[in-house]
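Worksheet: the structure to be examined is printed underneath.
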Amino acid sequence: MKKITLKPKRDYSVRRHHPWIFSGAVLDGEAESGETVEVRSSDGECLGYGSYSPSSQIRVRMLVFGHRPVEIASLVRDRVFAAVARRSDFFVGGYTDAVRLINAESDLLPGVVVDFYAGWAVCQMTSAFADRYKDLIADAVMTAAPGCMGVSERLDVDVRAKEGLMVGSFAVLKGEEPPELIEIKEGDCKFLVDVRKGHKTGFYLDQREARAAVGALATNCEVLNCFSYTGGFGVFARANGAEKVTQVDISGDALALAKKNAELLGLCHINTDFVEADVFKFLRSCRDENRTFDLIVLDPPKFAESKSQVMKAARGYKDINLLAMKLLKPGGKLFTFSCSGAMTDDLFRKVVDSAASDAGIDFRITHWLSQGPDHPVSAAYPEGYYLKGLAGIVC
Ligand code: SAH
């Protein structure tokens, strides 16, 4: 096995079981894309084994810590089975048939994301390791996931280019080709998922718990769902007795699917408006027209891609939160999210505090929300934590 030697004093994070070794920490050693390498400290101690990425800033992704024999095929297979087994409650519970089966580094499979939609597994392979072993992973998923009919792969993920991996569209890895739209169930709602062109692998599974929280508070409310995508929060609100829902998104395609999702609920599309607009402008137009709402959801795309963009992102979050708070009726509720990993909890809370203060409202935080339990965060890998949400009420 090829060996990678770290520079002096650059072994600290590996010893703490952090899975990434950046190119700047490597003294010498090279290998092929996705090849397993032994990682050594500058004085020759074996620290563990990882997968080599020649084109990436993250040069090695650790798979095993400490000195022991590594048989890569059985390691990959065992980890896929273990990750699926950790989600067994989802399969028996019956609340949903859509779940993230593998959450990359936090399931000890670096760069491997696998989501499962009613029998169809969809992968995003974003590391050299994931790409090299994708057939093995697909085989294991097909066997491990109950009732799996096919495993396919999204090849249009931007980070694949950074890893030096081929970028394309969509490919079946194992089993059958999924239908154009897959119908999933979540609570009493149903959603259609476009696994070929939808965001991520097609649906925001990470917001499952937050959708339920919105549903629980939406009865009789007039709801504004900003950045609605295919309608998740709004459909949940309507299914739980919201009087009226306005779904706003800049993407006509997302709204077309949001409409179909509302129709799946029977009469749900009645009393739902679909507005194709820029949320920043739409909120201002609501202000100018003196419109008010009982419940507003703000779930924007990632405003900060990296730490350097955090302050600019904070201004964007502040802008929409301030505007939304001014549209809330007395006793109104706001659910506000940031999926920027670079935004800390603390900064996000400060942004919300400062928006409330500028809006002149007394805003009481009632919920601290985050990605659901099928998106675990390994304690050794804080980068896995990205989704933060706050909900509160105007007092
Ligand atoms: N809340 C959604 C996920 C939102 S993803 C859910 O739970 O499923 C972010 C969405 O914001 C995308 O659908 C994207 O089309 C939309 N978007 C991005 N910028 C926007 C803007 N300026 N105005 C309105 N929508 C925007």
Side-chain angles (χ1 to χ4, degrees), residues 96 98-100 115 117 158 181-182 184-187 189-195 197-215 218 223-240 242 245-262 264-265 272-286 295-305 309 312-313 315-321 323-324 327 334-341 343 367 369-372 374-375 386-391:
T96 186
V99 59
R100 171 153 298 188
D115 290 338
Y117 298 109
D158 292 345
L181 294 174
I182 300 171
I184 61 161
K185 159 186 160 50
E186 197 178 288
C189 297
K190 291 172 185 164
F191 294 99
L192 292 169
V193 180
D194 180 348
V195 294
K197 296 198 205 80
H199 292 181
K200 304 219 228 188
T201 60
F203 196 65
Y204 286 84
L205 292 173
D206 52 359
Q207 289 284 31
R208 184 188 308 107
E209 281 65 26
R211 276 189 287 275
V214 165
V223 176
L224 173 62
N225 182 20
C226 296
F227 309 97
S228 69
Y229 184 52
T230 58
F233 286 108
V235 169
F236 251 76
R238 192 69 182 87
N240 284 279
V245 172
T246 304
Q247 309 266 33
V248 187
D249 202 281
I250 207 159
S251 154
D253 287 348
L255 285 174
L257 205 46
K259 203 165 194 176
K260 286 190 181 161
N261 285 332
L264 280 181
L265 271 187
T272 302
D273 284 344
F274 300 89
V275 182
E276 188 176 334
D278 178 343
V279 163
F280 289 82
K281 290 187 185 144
F282 182 78
L283 290 172
R284 287 185 165 79
S285 71
C286 289
L295 193 159
I296 300 179
V297 179
L298 294 175
D299 184 24
K302 211 193 266 184
F303 286 166
E305 291 292 335
Q309 297 172 353
K312 185 165 174 265
R315 287 193 288 278
Y317 288 116
K318 165 101 185 265
D319 191 23
I320 53 173
N321 278 278
L323 284 161
L327 302 181
L334 174 69
F335 282 76
T336 180
F337 298 91
S338 163
C339 62
S340 307
M343 280 289 284
H367 299 57
L369 298 156
S370 186
Q371 59 215 65
D374 51 338
H375 293 61
Y386 62 96
L387 182 60
K388 41 211 80 79
L390 293 171

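Both ligands and their constituent atoms are indexed starting at 1 by order of listing. Note that the coordinates shown come from a computational prediction; the quantities given were computed from them, not determined experimentally.
Residues lining ligand 1 at a heavy-atom distance below 4.0 Å are given as H199, Y204, R211, F227, S228, Y229, F233, D249, I250, S251, A277, D278, V279, D299, P301, ordered by chain and residue number.
Listed by chain and number, the residues in a ring pair (Phe, Tyr, Trp, His ring centres under 6.0 Å) with Y117 amount to none (sequence neighbours excluded). In terms of the ring pair (Phe, Tyr, Trp, His ring centres under 6.0 Å) criterion, residue partners of F233 (sequence neighbours excluded) are, by chain and number, F337. Checked against side chain to side chain donor-acceptor pair (under 3.5 Å), D206 has the following partners two or more places apart in sequence or in another chain: K200, Y386.
Using a 30° and 60° split on the angle between ring planes, F203 and F191 fall in the tilted class, from 30° to 60°. In this structure, F280 and F303 have tilted ring planes: the angle between them lies in the 30° to 60° band.
Within a 6.0 Å radius of NZ in K185, more than 12 heavy atoms belonging to other residues, nucleotides or ligands are found.
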